[in-house]
Amino acid sequence: MSRAEHEKGAVRETPDRYGAFPRLTPEQLEDLSAHGERRRTAEGEVLYREGEPFREFLVILSGTVEILSDQGGPDERTVAVHGPGRFLGELGLLEGQAAFNTAVVREAGEILAVPVERQRALVGSDPVLGDLILRAYLGRRYLLIGLGAGFRILGSCYSRDTLRLREFAARNRLPHRWVDLERDKEAEALLRRFAIRPEETPVVLWQGERLLRNPSNAELARLIGLPAPAPSAENERCEVMVVGAGPAGLAAAVYGASDGLTTVTVDAVATGGQAATSSRIENYLGFPSGISGGELIERAVLQAHKFGARLMVPAEVSALTPQDDEYIVTFTDGSRTRAGAVVLASGVRYRRLEVPGIDRLEGISVYYAATVHEAGLCRADPVAVVGGGNSAGQAALFLAQHASEVHLLVRGSDLNADMSRYLVDQVEQHPKIEVLLHTEVRGVAGKEKLESLTVEDNASHERRELQTAALFVFIGARPRTEWLGGVLALDERGFVLTGADAGAVADTNRWASLGRDPMLLETTLPGVFAAGDVRSGSVKRVASATGEGAMAIRLVHEHRERKGNLVTVGPEGRRPEAGGPVSSR
């Protein structure tokens, strides 16, 4: 919408086509009125501003409010216009982030203002209202991402730091836009405007004037308002430290906090792990029509916050050290925290495709995730997906909504071997997806970005060229356990041994003094548990990871029934009863 239209007042309410702009019922408005205050508004009044934290949940009782991106800047545009009965804000309001847009009153009227903390409690306690608000906020967040609202990352497509910042923003589902220093016409003007030398890039620009030169992920997180405080001081203790915020880690956070344990969950990059990159999870119990990985994770994050779990992103763990009956968790910035028990849920990362020359294209047109961010870069071009598992199938179906054609390259001879039947049916029936069995990538071509692939039929050894603008790789995974080498036992592939497998190689002296063997998810260190994909022998499914995260907390309770890491054994060799009830939820 142009500035002239703004000045003429030609602002019409945005229709609710996607469920992102629902209207509250009179009954819901009445219920909310008991928790807030009514306030008159004036034309031109700014209700909240981009870059500032949300302080109130606002409902329009009369008048209209316009939501603007880059207000007052050269790229100002209307995101939406709301009338009576609608509420303002987006996902950042519930998660403590700064606003990614600005709300301006266009027609004076009246609003209902509810303090943010009270609104967060209402979302958790009223399932109907909570689900309505959460779905709307999720829709608005993805709308902002699609519009390229939020902050800008100015940097070269050949820069590793540019790739790092883009990945961090995409994995945390943060609205942003990348301005390519090499190809974007806007880049030169921005360099001159802010007196930035090319060698100082990448930079992050926000609110027109705020500028960070090659910030760390933690600095960017603090700018946006992500929950990224410095890790606790060493003299501060938590009862459970959860390392990793994927489905297993978030389940452990929810169950640990809901059981009354002081629970801290940390992740080096983002909440959600590999699950958050999934466009659609259709076999997760309770969601018959499926749910996106992003929505599932956002719901889990809000649930963890509801019960009082503390989430820190980014916060990377570098060492785990037994001390007395507890553990010292050391972070890469040198800070340390004491934990009574530890749940390792650091997940896995997809393996790199070993093809000559592919490294120079990674992050530019070769990706290891298929989110809205990567899909938006396809621009109706043909793409290729490598892999034969569920992740590859889900990525192919998602990318088919954006690309002109999707080539699914499978090394084996049977798509049913590693992919769920429901996905196989959808993939084989999709008109835009071509499945190429017993096919492997042998070469890549393209100067500045991927232009074509050389693929080989591993049965006939025939080669052919595929014209493709992007390559998405899902070829198995390796665990994030480099920092655990020499601390506890790993299998030959680096996954964490637990239960009987851990007991077979554990220090017999350590466990003999405890009078027991490692429990089901317990590692070779007492009180240290592993859950989800990082655990050796685990079922690599979201539901399994979630179940193991919850189970790990039940085992933490079993561990806590002893005195520290020492079992108190009665005269007949029996454990005394625990001092109190243990939740079995």
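The structure displayed is predicted, hence computed values, not measured ones. Each residue takes its place number in the sequence, starting with 1.
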Residue pair [X] / [Y], side-chain heavy-atom distance below 4.5 Å:
X	Y	value
Val242	Val266	no
His305	Gln303	no
Tyr158	Ile364	yes
Asp259	His557	yes
Thr265	Met312	no
Glu522	Arg516	yes
Phe287	Ile281	no
Thr523	Phe529	no

Hey, what do you get for [atom1] ([X]) to [atom2] ([Y]), rounding to the nearest 0.5 Å?
X	Y	atom1	atom2	value
Leu484	Leu525	CG	CG	9.0 Å
Leu94	Ile133	CG	CD1	7.5 Å
Met551	Ile553	CE	CD1	12.0 Å
Asp501	Asp491	CG	CG	8.5 Å
Leu437	Leu409	CG	CG	10.0 Å
Arg352	Ile358	CZ	CD1	7.5 Å

Please check: side-chain N/O of [X] versus main-chain N/O of [Y], any donor-acceptor pairing under 3.5 Å?
X	Y	answer
Glu558	Leu555	no
Arg166	Gly363	yes
Ser335	Phe331	no
Ser538	Ser536	no
Glu90	Tyr137	no
Thr263	Leu261	yes
Glu239	Thr262	yes
Arg280	Gly290	yes
Gln97	Pro53	no
Ser258	Val254	yes

Would you tell me whether [X] and [Y] have side-chain atoms, one donor and one acceptor, within less than 3.5 Å of each other?
X	Y	value
Glu282	Gln394	no
Tyr350	Ser391	yes
Arg336	Gln323	no
Arg411	Asn458	no

Give the minimum heavy-atom separation between [X] and [Y], together with the two atoms involved.
X	Y	result
Tyr142	Ser292	OH-OG, 4.4 Å
Glu428	Arg421	OE1-NH2, 3.9 Å
Ser346	Val534	OG-CG2, 3.6 Å
Arg510	Pro526	CD-CD, 3.4 Å
Val343	Ala252	CG1-CB, 4.3 Å
Pro175	Arg173	CD-O, 3.8 Å

Practice item. Mind running salt bridge (Lys or Arg N to Asp or Glu O under 4.0 Å) on Glu236 and Arg338 for me, showing each step along the way? Key: CA-CA 7 Å; Glu236 187 174 338; Arg338 182 183 293 269; over 6 Å; no

Practice item. Could you walk me through whether Phe168 and Leu226 pass side-chain contact (heavy atoms from CB on, under 4.5 Å), step by step? Key: CA-CA 12 Å; Phe168 181 78; Leu226 284 175; 3.8 Å; yes

Practice item. Can you spot which of Val313, Val317, Asn172 makes a side-chain contact (heavy atoms from CB on, under 4.5 Å) with Asp267? Key: Val313

Practice item. Test Ser420 against Asn283 for side-chain contact (heavy atoms from CB on, under 4.5 Å), laying out the working first. Key: CA-CA 9 Å; Ser420 296; Asn283 58 353; 4.1 Å; yes

Practice item. Test side chain to side chain donor-acceptor pair (under 3.5 Å) on Arg171 and Asn217 and set out the steps. Key: CA-CA 12 Å; Arg171 290 285 301 276; Asn217 289 353; over 6 Å; no

Review point. Can you list the steps and then say if Tyr368 with Glu362 is a side-chain contact (heavy atoms from CB on, under 4.5 Å)?
Key: CA-CA 9 Å; Tyr368 294 86; Glu362 290 178 340; 2.8 Å; yes

Exercise for review: Report the C-alpha separation of Arg541 and Asp533 in whole Å, then their side-chain angles, then the decisive distance to 0.1 Å, and conclude whether the salt bridge (Lys or Arg N to Asp or Glu O under 4.0 Å) test is met.
Suggested key: CA-CA 8 Å; Arg541 291 287 187 272; Asp533 290 354; over 6 Å; no

Check your understanding: Does atom CZ of Arg213 have more than 12 heavy-atom neighbours, drawn from other residues, nucleotides or ligands, at distances under 6.0 Å?
Key -> yes

Exercise for review: Evaluate the criterion side-chain contact (heavy atoms from CB on, under 4.5 Å) for residue pair Trp511 and Leu514; output intermediate values, then yes/no.
Suggested key: CA-CA 5 Å; Trp511 289 92; Leu514 301 177; 3.6 Å; yes

Exercise for review: Kindly determine whether Arg164 and Glu167 satisfy salt bridge (Lys or Arg N to Asp or Glu O under 4.0 Å), including the steps that lead there.
Suggested key: CA-CA 5 Å; Arg164 170 181 57 80; Glu167 179 185 14; over 6 Å; no

Check your understanding: Could you walk me through whether Asp161 and Ser159 pass the side chain to side chain donor-acceptor pair (under 3.5 Å) check?
Key -> CA-CA 5 Å; Asp161 282 318; Ser159 165; 5.0 Å; no

